[in-house]
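Naming: A, B, ... by sequence-line order, numbering from 1 per chain. In this text, all values refer to a predicted model and were calculated from it rather than measured experimentally.
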There are 2 protein chains.
Amino acid sequence: MATTDKASTRDRLLDAAAELFYREGVSIGVEALCRTAGVSKRSMYQLFASKDEVLAASLERRLPAYEARLASGAQDAGTPRERILHVFERLEKASTEPAYQGCPYLAALVELKDPQHPASVVARVAKERLQGVFRERAAEGGARDPQLLARQLMLVFDGASARAGAGIETLDGLAVPTATALLDAAGMS
Amino acid sequence: MATTDKASTRDRLLDAAAELFYREGVSIGVEALCRTAGVSKRSMYQLFASKDEVLAASLERRLPAYEARLASGAQDAGTPRERILHVFERLEKASTEPAYQGCPYLAALVELKDPQHPASVVARVAKERLQGVFRERAAEGGARDPQLLARQLMLVFDGASARAGAGIETLDGLAVPTATALLDAAGMS
DNA sequence: GCGGGAGGAAACCGATCGGTATATCGCCTT
DNA sequence: AAGGCGATATACCGATCGGTTTCCTCCCGC
């Protein structure tokens, strides 16, 4: 069935796109992208209207895996406080990988300064979802102002991922204590 | 005197470069850069070896003004705590400007993923200097671990500037309370 | 076996990339 | 007034940009 071939071509393209955009930045060319994906430009432009749409789709495709990685194991176990701190533990751990370049969604927003860009829209959704998770846990844990705490945690999360990705910080023993201080200040269990 | 002309050409070029790189990103072309600066490519390549050097020099040139902006007024007045919080007040204020795109040094590090890039070196210096200021104030204020507190404050600073620059956060009433919580947790006066 | 559609390779499009070379102009010095 | 230097404008270089098109091959159902 033709659908199978088409889907696998699409998958190969989006996987290569996600990796290349992350490693080299959004300015990577269509030529290089298709070459490493093993997909012809013709096929790419049959599946997507433009390079921008490929970038947006590759970010969207990675979102479930990205969120699962931050949750990992213990999805529903532990107190709300533990579940929040777990995210920062995962961040600290991810940042030790040699290829770590920071959160790909924040990087996309910074590199594409245009908020209208289709990839920027996807990136904003990713960021809002994480903030929403923080807010829910904060509310469950009895934080004084769950929304404020969630915003504060996002500052730490994005600052940490950006600095680690830029190679100017090693989060070892930094992200978790910082988040802890904010949880305490918010009066969370 | 010829020196004057040369300096003004250089200044015009670096000023335009700083503004364009900040607004459009590091991928702005040499052609467009020289056009808006009113400088010929020939002159540019006599003053600098490459576009990369122009970028690095433009970041370096803006550093004193950038630091002065974060300090503003009250350079030596106030308690160490007040002086730290003052930086976050300035950040909150700067982020309200419509053209705000976040800290240009962090943006450069994120966009140029190469840590060897001459502009990345300058950007790292800028970040280290701010962290050094935080550390000194933290020590003066009797923080338990001045270096740890300085790193935590940098997380908040960079997270806040990146998110505000990306247009996904308005720092209003966020950056200062977050920094305050960390100062309190560090046991600082 | 044969027709047809999908997909790949590659040429091609105009534009722009970073960088260089040429030729001329204007100003300062002597 | 003459010379020289700094600056400009402009054309040019090969490469690459995002995107389109042509051609050809391979594989599928009939």
**Request:** Could you tell me which residues satisfy salt bridge (Lys or Arg N to Asp or Glu O under 4.0 Å) with B:E92, sequence neighbours excluded, listed by chain and number?
**Result:** none
**Prompt:** Partners of B:E60 by salt bridge (Lys or Arg N to Asp or Glu O under 4.0 Å), sequence neighbours excluded?
**Reply:** none
**Request:** Give me the residues of residues 30-41 of chain B where at least one heavy atom lies under 4.0 Å from an atom of DNA chain D, by number, or none.
**Result:** B:G38, B:V39, B:S40
**Message:** Classify B:S27 by what it touches in the nucleic acid, base, sugar-phosphate, or nothing, heavy-atom distance under 4.0 Å.
**Reply:** nothing
**Fill in**
Per atom distances to the A:K51 side chain, the nearest of D:dA7, D:dG18, C:dG8 is D:dG18
Between the protein and nucleotides 3-5 of chain C, which nitrogen or oxygen pairs come in under 3.5 angstrom?
none

**Message:** Applying ring pair (Phe, Tyr, Trp, His ring centres under 6.0 Å), can you list everything that pairs with A:Y22, at least two apart in sequence or on another chain?
**Reply:** none
**Request:** Just jot down the ring pair (Phe, Tyr, Trp, His ring centres under 6.0 Å) partners of A:F21, sequence neighbours excluded, or say none.
**Result:** none
**Request:** Taking ring pair (Phe, Tyr, Trp, His ring centres under 6.0 Å) as the test, write out the residues that go with A:Y45, two or more places apart.
**Result:** none
**Fill in**
Residue pairs meeting salt bridge (Lys or Arg N to Asp or Glu O under 4.0 Å), one or both in residues 140-154 of chain B, sequence neighbours left out, come to A:E169-B:R151, B:R137-B:E140
**Asked** Which ILVMFWY residues are connected to B:V121, directly or by a chain of links, through side-chain heavy atoms under 4.5 Å apart?
**Response** none
**Asked** Looking at residues at least two apart in the chain, or sitting in another chain, which of them share a ring pair (Phe, Tyr, Trp, His ring centres under 6.0 Å) with A:Y100?
**Response** none
**Request:** Identify the two heavy atoms, one from A:A56 and one from A:V122, that lie closest to each other, and give their separation to 0.1 Å.
**Result:** O-CG2, 3.9 Å
**Complete:** Using a 4.5 Å side-chain heavy-atom cut-off and chaining through intermediate ILVMFWY residues, the residues clustered with B:I168 come out as A:L109
**Asked** Once you round it to whole Å, what is the distance between P of C:dG7 and CZ of A:R12?
**Response** 11 Å
**Prompt:** Considering only side-chain heavy atoms of A:R42, which listed nucleotide, D:dA9, C:dA9, D:dG19, is closest?
**Reply:** C:dA9
**Sub-4.0 Å heavy-atom contacts from residues 14-26 of chain A onto DNA chain C, ordered by number** = none
